[in-house]
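What follows is one structure encoded as structure tokens, with my remarks underneath.
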Amino acid sequence: MAICRLLQFCCVFLGGCLLATIVQIIFFSPISPNTLYIPPASSVAAFPANKKLQSVIKLGEGFLENPEDVSVDGNGVLYTATRDGWLKRLHRNGSCENWKRVGGDTLLGITTAKDGGIFVCDTEKGLLKVTDEGVSVIASHVDGAKIRFADDVIEASDGNLYFSVASTKFGLHESYLDLLEAKPNGQLLKYDPSTKQTSVVLDNLFFANGVALSKDEDFLVVCETWKFRCLKYWLKGEKVGETEIFVENLPSGPDNINLAGDGSFWIALPKIISERWAFVHGSKAAKHVVASFPKLIEFVNGVKENAMVVNVAHDGSIIRWFDDPNGAVMSFVTNALEFEDHLYLGSLNSNFIGKLPLK
């Protein structure tokens, strides 16, 4: 009799735990997901491994904590923002320095300001400008709402700043929830320094990430990471104000994008999905489970498995690509900047900036 009661108690207890787990997943899940379109395997097969990124020279090794983006000024000084809250400089003579401390681990995209200093995207504070004199917040709200996740920024010749908001729902440390939700929570914003006003250029973007202007500034490219594509937004000409696809079906989600001297673009492609767990993105139920148990995200996330960058022509065609197929030297590369016949690579999984000769 005692054994029967024990078994009955265990069944009731386990059933209660299961019911509680189901209720937690269904009613308290942090996401309201859609399934995610993943490009066909042929799009990956079109980029055979070449291991070129395994040949990088390591700049500032040990001094830089996950340098997500890289910019360069007119004197050839490299700038990057690191997870310890510093903007750091790497000089031509090989020396490195802590330049300005902003604080926090939320600094992402940067670009050199034409009148000196650096524009910085801070996912907590918004769009910043950093100079020798200090740090100022340029844009923290748009249409009355706080800018939640400023990601990347570029300055046009007329002084206007275009910057992306990856998600209006989730913050930097919840970005993988945005991927699991797979909804268009992103924006492209414009800051006009003459009026000091911020406006929405594009809405409903799937994790708006890198931003770059064309060589003639007739169009702008913004990367949609969760769509494996980049969009072209026309700034001049007959199509002004229109949006079209610039490049799509990329082998992974595009991160930062930079203009090259010949008018082409370099796009970093971190591996956002692990093949072993790709099935999760086709199941809303599986997404709820992963979102409710954050430790599972490490299994689903593939960003540390490899590294890839692609060079895309003015018309959106692929010119060339470099990779580290197993992450032996570099992984989670988030930026590729061409300067003086070299490619400078930022990463959220390294303690250096990679420098790769292009000739």
Side-chain angles (χ1 to χ4, degrees), residues 56-61 63-103 107-122 127-139 150-164 191 193 210-217 220 255-268 309 333-347 350 352-358:
V56 298
I57 302 164
K58 298 179 180 180
L59 303 180
E61 187 173 14
F63 182 69
L64 306 174
E65 183 182 346
N66 300 335
E68 196 265 353
D69 199 6
V70 183
S71 188
V72 62
D73 68 14
N75 297 316
V77 176
L78 296 177
Y79 291 78
T80 189
T82 51
R83 297 317 95 206
D84 53 6
W86 280 93
L87 282 169
K88 304 194 177 190
R89 296 197 290 203
L90 287 74
H91 297 274
R92 285 183 179 273
N93 63 8
S95 65
C96 306
E97 67 167 320
N98 291 322
W99 177 51
K100 289 292 178 182
R101 179 168 172 78
V102 178
L107 307 181
L108 292 180
I110 64 174
T111 193
T112 308
K114 292 178 171 53
D115 62 354
I118 297 289
F119 293 111
V120 183
C121 287
D122 186 322
L127 183 62
L128 315 179
K129 186 171 185 183
V130 182
T131 65
D132 287 324
E133 286 68 45
V135 181
S136 58
V137 179
I138 295 175
D151 194 306
D152 193 28
V153 59
I154 193 68
E155 183 182 20
S157 58
D158 61 6
N160 286 322
L161 296 168
Y162 295 91
F163 64 106
S164 58
Y191 174 78
V211 181
L213 289 160
S214 67
K215 193 170 185 178
D216 297 328
E217 297 192 6
L220 176 149
D255 200 303
N256 286 320
I257 179 172
N258 285 292
L259 179 69
D262 62 359
S264 64
F265 299 89
W266 285 100
I267 305 174
V309 298
V333 167
T334 51
N335 178 78
L337 173 72
E338 183 177 331
F339 177 65
E340 294 184 346
D341 298 325
H342 288 80
L343 204 59
Y344 294 86
L345 303 154
S347 164
S350 74
F352 61 88
I353 289 173
K355 179 181 179 181
L356 183 71
L358 293 174

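In this chain, numbering begins with 1 at the start of the sequence shown.
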Practice prompt. With sequence neighbours excluded, tell me which residues meet side chain to side chain donor-acceptor pair (under 3.5 Å) with Asp84.
Written response: Thr82, Lys88
Worksheet item: Quick one: does Phe352's side chain get under 4.5 Å of Leu59's, heavy atoms only?
Response: no
Fill in: Main-chain N/O of Leu358 paired to Asp341 side chain as donor or acceptor, under 3.5 Å
no
Practice prompt. Show your reasoning for whether side chain to side chain contact (heavy atoms under 4.5 Å, CB included) applies to Val102 and Val130.
Written response: CA-CA 9 Å; Val102 178; Val130 182; 4.3 Å; yes
Worksheet item: In terms of side-chain heavy atoms, does Ser264 have a donor or acceptor partner in Asp262 at a distance below 3.5 Å?
Response: yes
Discussion item. Run the salt bridge (charged side-chain N to carboxylate O under 4.0 Å, His left out) test against Asp132 and tell me which residues pass, sequence neighbours left out.
Written reply: none
Practice prompt. Would you please test Leu345 and Val70 for side chain to side chain contact (heavy atoms under 4.5 Å, CB included) and show each step?
Written response: CA-CA 7 Å; Leu345 303 154; Val70 183; over 6 Å; no
Fill in: Min side-chain heavy-atom separation Ile110-Phe119 under 4.5 Å
no
Worksheet item: Under a 4.5 Å cut-off applied to non-hydrogen side-chain atoms, are Leu161 and Lys129 in contact?
Response: no
Worksheet item: Are Asn160 and Pro193 close enough that some pair of their side-chain heavy atoms sits under 4.5 Å apart?
Response: yes
Fill in: Non-hydrogen atoms of Val135 and Arg101 that approach each other most closely
CG2-O, 4.5 Å
Worksheet item: Under 3.5 Å, is there a donor-acceptor pair between the side chain of Arg83 and the main chain of Asn66?
Response: yes
Worksheet, complete the sentence: Rounded to the nearest 0.5 angstrom, the NZ-CG distance for Lys100 and Asn98 is 11.5 Å
Worksheet item: Tell me, do Leu64 and Leu90 make a side-chain contact under 4.5 Å, heavy atoms counted?
Response: yes
Discussion item. Run the side chain to side chain contact (heavy atoms under 4.5 Å, CB included) test on Leu259 and Trp266 for me, step by step, so that the C-alpha distance in whole Å, both residues' side-chain angles and the decisive distance to 0.1 Å come before the verdict.
Written reply: CA-CA 6 Å; Leu259 179 69; Trp266 285 100; over 6 Å; no
Discussion item. Side chain to side chain contact (heavy atoms under 4.5 Å, CB included) for Asp69 and Asp152? Distances and angles first, verdict last.
Written reply: CA-CA 9 Å; Asp69 199 6; Asp152 193 28; 3.6 Å; yes
Response to the item:
The ring-ring contact (aromatic ring centres under 6.0 Å, His included) partners of Tyr344 (sequence neighbours excluded) come to none
Fill in: Short side-chain to backbone donor-acceptor contact, Thr131 and Gly117, under 3.5 Å
no
Item to complete: Search all heavy atoms of Thr80 against all heavy atoms of Glu68 and return the closest pair with its distance.
Response: OG1-N, 4.3 Å
Fill in: Residues in ring-ring contact (aromatic ring centres under 6.0 Å, His included) contact with Tyr162, at least two apart in sequence or another chain
none
Worksheet item: CG of Leu108 to CG of Asp255: how many Å apart, nearest 0.5 Å?
Response: 8.5 Å
Practice prompt. In plain terms, say whether Lys114 and Asp73 are close enough for a salt bridge, that is, a side-chain N and a carboxylate O under 4.0 Å apart.
Written response: no
Worksheet item: How about Glu217 and Ser157: do any of their side-chain heavy atoms sit closer than 4.5 Å?
Response: yes
Worksheet, complete the sentence: Heavy atoms of Ser95 and Asn93 approach each other most closely as OG-OD1, 2.7 Å
Item to complete: Taking all non-hydrogen atoms of both residues into account, name the closest pair between Ser350 and Pro67 and its distance.
Response: O-CD, 3.5 Å
Item to complete: With sequence neighbours excluded, tell me which residues meet salt bridge (charged side-chain N to carboxylate O under 4.0 Å, His left out) with Lys58.
Response: Glu61
Fill in: salt bridge (charged side-chain N to carboxylate O under 4.0 Å, His left out) against Glu340, all qualifying residues, sequence neighbours excluded
Arg92
Worksheet entry | Donor on one side chain, acceptor on other, Asn258 and Asn335, under 3.5 Å | yes
Worksheet, complete the sentence: So CG of Leu220 and CG of Leu213: to nearest 0.5 Å the spacing works out to 5.0 Å
Worksheet item: Quick one: OH on Tyr191 to CZ on Phe163, what's the gap to the nearest 0.5 Å?
Response: 9.5 Å
Worksheet item: Can you name the closest pair of heavy atoms from Gly261 and Lys215 and give their distance?
Response: O-NZ, 2.9 Å
Worksheet item: What is the distance from atom OG of Ser136 to atom CG of Leu128, rounded to the nearest 0.5 Å?
Response: 7.5 Å
Worksheet item: Going by distance alone, is a donor N or O of one side chain under 3.5 Å from an acceptor N or O of the other, for Ser71 and Thr111?
Response: no
Fill in: Residue pair His91 / Val77: nearest heavy atoms and the distance that separates them
ND1-CG2, 3.9 Å
Practice prompt. State the NZ-CZ distance between Lys355 and Phe339, to the nearest 0.5 angstrom.
Written response: 9.5 Å
